[in-house]
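Every heavy atom of this structure was used, including side-chain atoms; hydrogens, water molecules and symmetry mates were not.
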Amino acid sequence: MLKRRTLVTLVAGALLAAAPAFAQFQERTIKFTNGVNEDHPVGVGVKKMQEVLAAKTGGKMKINAFWGGAAGNDLQATQALRAGTQEMVCTSSSPLVGIVKELGVFDLPFLFANEKEADAVLDGPAGVYFNKKLEEAGLVNLAYWENGFRNLTNSKKPVAKVEDFDGIKLRVMQNNIFLDTFRTLGTNAVPMAFPEVFTALETKTIDGQENPFVTIETSKFNEVQKYLSVTRHAYTPFLILYSKKLWDGLSPQEQAVLREAAIEGQKVQRVANRQLNEKSLASLRSKGMQVNEITPAEQRRMFDKVKPVYDKNVPTIGSEPVNIVLDALKKARGG
């Protein structure tokens, strides 16, 4: 009986001790939307965030995630954040260029050579610079997650060098820098909404498209495309954004735990994304796609060919953000 009383006393004491630790947190259900499906690596990151919030707030702060654009597209959600009618969104940088023009730097071609360089830039002072620009627009960026490198597919011919781009009718995102890039490389680049791409490839309305390996596989583009070139021509981050209007209403402790959860989510999401990309490339190869690696020398030739894209678009983006990223890259490369 004495042992039982002692146990009850210990449990009660532990609960009382825990109560003040969670007192600074309010009951909050945070709406989190994004355009990818739950089986995407973003799902791994969100699950980790949910675990961290549950542990650190005693279950008081919860994330309610909406997947696959079920609650609207990323740009609509971002505008809802700015208005203070939604808490969070995970979006790539490209749709935000109309709000924060400086983010256009991430659409510039052949900017990063690998993921290590991207991490060094985004997790350093350059990332802080873009975070400040986002806050000025009413958005708090909690962490940079990964969308990843984009690669070229087509049904016409192998693409392994600059000259091979000539004459390919290529779907690109509705984004001026992407249009400029691929027209400069010699393709007939046409903007097209993503849901239309598979049918357009199937009917040979277009010859090719460009996306990360995971997207190429999950969209079954291998069924209508023969050639895959590892061009790695653009790297786009995901941003984990919170409404500044709503953020300012949180306690410092709530803000700190959200940042911590997003960083912990970043760690597992990046690993999952990179593993899945390698797995998707191997899968696409096994399904019969002809994979063409691009040599470093050819990638340099491609970069040289698209230099006019930098000259044309840097004045719009601003020389300051471009120089900040290029300086950070120089340090990352040991320069």
Please determine whether side chain to side chain contact (heavy atoms under 4.5 Å, CB included) holds for the pair I324 and V105, giving the CA-CA distance in whole Å, both sets of side-chain angles, and the decisive distance to 0.1 Å. CA-CA 10 Å; I324 284 170; V105 69; over 6 Å; no
According to a 4.5 Å side-chain heavy-atom criterion applied to Ile, Leu, Val, Met, Phe, Trp and Tyr, with indirect links allowed, do L228 and L276 form part of one hydrophobic cluster? no
Step by step, work out the side chain to side chain contact (heavy atoms under 4.5 Å, CB included) result for L152 and L170. CA-CA 9 Å; L152 179 84; L170 188 76; 3.3 Å; yes
Q269 backbone acceptor or donor facing N273 side chain under 3.5 Å: no
Identify whether L201 and I168 are in the same connected component of the hydrophobic contact network (ILVMFWY, side-chain heavy atoms under 4.5 Å). no
Heavy atoms from other residues, nucleotides or ligands near NZ of K161 exceed 12 (cutoff 6.0 Å): no
Excluding sequence neighbours, so at least two apart, what forms salt bridge (Lys or Arg N to Asp or Glu O under 4.0 Å) with E87? none
Output for pair (K31 NZ, I63 CD1), nearest 0.5 Å, gives 14.0 Å
Roughly how far, to the nearest 0.5 Å, is the OG atom of S229 from the CD atom of Q290? 8.5 Å
Is atom NZ of K305 surrounded by more than 12 heavy atoms (other residues, nucleotides or ligands) closer than 6.0 Å? yes
Check this for me: K279, atom NZ, are more than 12 non-hydrogen atoms of other residues, nucleotides or ligands nearer than 6.0 Å? no
Output for pair (N73 CG, N34 CG), nearest 0.5 Å, gives 12.0 Å
Would you say that more than 12 heavy atoms from the other residues, nucleotides or ligands in this model lie under 6.0 Å from the NZ of K287, or not? yes
Should the heavy atoms of other residues, nucleotides or ligands under 6.0 Å from NZ of K331 be counted, would the total exceed 12? no
Should V52 and W145 be counted in the same cluster of Ile, Leu, Val, Met, Phe, Trp and Tyr side chains packed under 4.5 Å apart? no
Ring center gap for F130 and Y144 short of 6.0 angstrom: no
If Ile, Leu, Val, Met, Phe, Trp and Tyr residues are connected whenever their side-chain heavy atoms lie under 4.5 Å apart, and connections chain through other members, are I263 and L241 in the same group? no
Would you please test Q255 and Y242 for side chain to side chain contact (heavy atoms under 4.5 Å, CB included) and show each step? CA-CA 10 Å; Q255 291 177 350; Y242 206 101; over 6 Å; no
Within 45° cone and under 6.0 Å: K157 NZ/CZ vs Y227 ring: no
At what distance, to the nearest 0.5 angstrom, does CG of L258 lie from CE of M49? 6.0 Å
Cut-off 3.5 Å, side chains only: do N154 and D207 have a donor facing an acceptor? no
Does D304 pair with K307 as a salt bridge, N-O distance under 4.0 Å? yes
Closest approach of V121 and A126, non-hydrogen atoms and distance? O-CB, 3.5 Å
Donor on one side chain, acceptor on other, E210 and T231, under 3.5 Å: no
Short question: side chain of N37, backbone of D39 - any donor-acceptor pair under 3.5 Å? no
Are a donor atom and an acceptor atom from the side chains of T203 and T205 found within less than 3.5 Å of each other? yes
For N175, look at atom CG and say whether over 12 heavy atoms of other residues, nucleotides or ligands are found less than 6.0 Å away. yes
Interatomic distance, K267 atom NZ to E264 atom CD [nearest 0.5 angstrom]: 4.0 Å
Pair R301 + E298, salt bridge at N-O below 4.0 Å: yes
Should L239 and F66 be counted in the same cluster of Ile, Leu, Val, Met, Phe, Trp and Tyr side chains packed under 4.5 Å apart? no
Using a distance-only test with no angle check, is there a side-chain donor-acceptor pair under 3.5 angstrom linking S283 and E217? yes
Quick test of your reading of the model: are K244 and D248 salt-bridged, counting only N-O distances below 4.0 Å? yes
Is there a side-chain hydrogen bond (donor to acceptor under 3.5 Å, both in side chains) between E115 and Y235 once you walk through the steps? CA-CA 8 Å; E115 290 86 354; Y235 176 95; over 6 Å; no
Where I294 and V230 come nearest, the two heavy atoms and their spacing: CG1-O, 3.2 Å
Between N141 and I240, is there a donor-acceptor pair closer than 3.5 Å when you use the side chain of the first and the backbone of the second? yes
Between Y129 and E320, does a side-chain hydrogen bond (donor to acceptor under 3.5 Å, both in side chains) hold up when you go through it step by step? CA-CA 10 Å; Y129 168 84; E320 184 181 60; 2.8 Å; yes
Under the side chain to side chain contact (heavy atoms under 4.5 Å, CB included) criterion, do Q86 and L246 qualify, and how do the steps go? CA-CA 8 Å; Q86 178 178 322; L246 299 176; 5.9 Å; no
